[in-house]
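Here is the structure we will look at.
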Amino acid sequence: MDNERAIEIVRLLSSGIDPCTGEVLTKEHVLHQAEVIRALFYALHALEKYSSRPANSGNSWTESEDQRLLAAFHAGITEEAIARAHQRSVGAIVSRLTKLNEESTSHQDDDMSSFMDGDEFCDDTGYIEDTSLHDIYDAISDGSGEPVYLSDGVWLDSGGRTHDWGR
């Protein structure tokens, strides 16, 4: 089953319609219970969010992909264009370039200006936090407070700190 069909089925179920017959479900049906409807809408949101991710999101990087990434970066191609070509997010491209010890030129100035503006600070554990990472965490987390997976084994915790915990 592809993602689009799964979304269609969950959307129909959350609307109280049998996806196989197209008939409206009776009011006594379990799918008309408030908690079940909320769960279906939550699942629908997660499926839609997942389907909007680039095709290679979360996949391991191969050596040949790394070589193509570096070649494109050194040729001056924008991170957005590289991301489209690799079917990955811009964040994944920047993260991989960092891991490969390349500095992303479009984010280099942003990083320095945020440091100079005082957005970064050391907390009690000695980690450097970036308050903009709190915003990213809030945007991509499910609200549980659990760390979220970013890319290439890097996780973001609710405190805005990144960790290399692997997959």
Side-chain angles (χ1 to χ4, degrees), residues 1-11 14 39-123 125-167:
M1 172 181 300
D2 65 4
N3 200 42
E4 288 78 27
R5 178 66 181 142
I7 289 172
E8 179 184 350
I9 289 171
V10 174
R11 185 173 286 129
S14 64
L40 286 169
F41 277 109
Y42 181 83
L44 181 61
H45 174 73
L47 282 168
E48 289 172 339
K49 185 176 178 180
Y50 177 79
S51 70
S52 67
R53 294 173 45 187
N56 284 330
S57 182
N59 292 342
S60 298
W61 288 78
T62 64
E63 189 174 325
S64 66
E65 190 177 12
D66 282 343
Q67 291 172 355
R68 288 184 293 129
L69 170 66
L70 290 172
F73 177 74
H74 290 297
I77 298 173
T78 66
E79 292 160 356
E80 290 79 10
I82 295 171
R84 282 191 303 274
H86 286 261
Q87 296 182 327
R88 295 185 183 268
S89 68
V90 172
I93 298 301
V94 171
S95 175
R96 191 62 179 179
L97 287 169
T98 301
K99 190 169 189 162
L100 296 172
N101 293 321
E102 298 293 330
E103 275 196 55
S104 166
T105 55
S106 69
H107 291 279
Q108 183 177 6
D109 293 336
D110 293 344
D111 290 343
M112 183 55 76
S113 67
S114 71
F115 179 78
M116 297 304 285
D117 291 337
D119 285 345
E120 293 187 29
F121 58 95
C122 286
D123 67 6
T125 63
Y127 287 101
I128 294 180
E129 282 187 73
D130 182 339
T131 55
S132 64
L133 290 178
H134 289 282
D135 297 333
I136 293 170
Y137 177 84
D138 290 340
I140 64 175
S141 76
D142 63 4
S144 68
E146 294 294 316
V148 293
Y149 182 75
L150 297 176
S151 177
D152 295 325
V154 177
W155 293 76
L156 178 63
D157 69 21
S158 61
R161 295 180 296 260
T162 57
H163 305 273
D164 190 359
W165 289 332
R167 291 183 182 253

Taken in chain and number order and not counting sequence neighbours, the residues that satisfy side-chain hydrogen bond (donor to acceptor under 3.5 Å, both in side chains) with S57 are R53

Between L97 and F73, does a side-chain contact (heavy atoms from CB on, under 4.5 Å) hold up when you go through it step by step? CA-CA 9 Å; L97 287 169; F73 177 74; 3.5 Å; yes

Separation between CD of E65 and CG of L70, rounded to the nearest 0.5 Å: 11.0 Å

Whether the D157 and H163 side chains hold a donor-acceptor pair (N or O, under 3.5 Å, no angle test) is what I'd like checked. yes

If the plane angle is over 60° it's perpendicular, under 30° parallel, otherwise tilted; pick one for W61 and H86. tilted

With sequence neighbours left out, write down each residue that passes side-chain hydrogen bond (donor to acceptor under 3.5 Å, both in side chains) with Q87, or none if nothing qualifies. none

Between atom OG of S64 and atom CG of L69, what is the distance when rounded to the nearest 0.5 Å? 11.0 Å

Using side-chain hydrogen bond (donor to acceptor under 3.5 Å, both in side chains) as the criterion, list what pairs up with R84, not counting sequence neighbours. none

Where the side chain of S95 meets the backbone of G91, is there a donor-acceptor pair that is under 3.5 Å apart? no

Heavy-atom closest pair, residues I82 and I77: CD1-O, 3.5 Å

Quick one: are R88 and N59 in side-chain contact, heavy atoms under 4.5 Å? yes

Taking atom CG of L100 and atom CG of D66, what is their separation to the nearest 0.5 Å? 4.5 Å

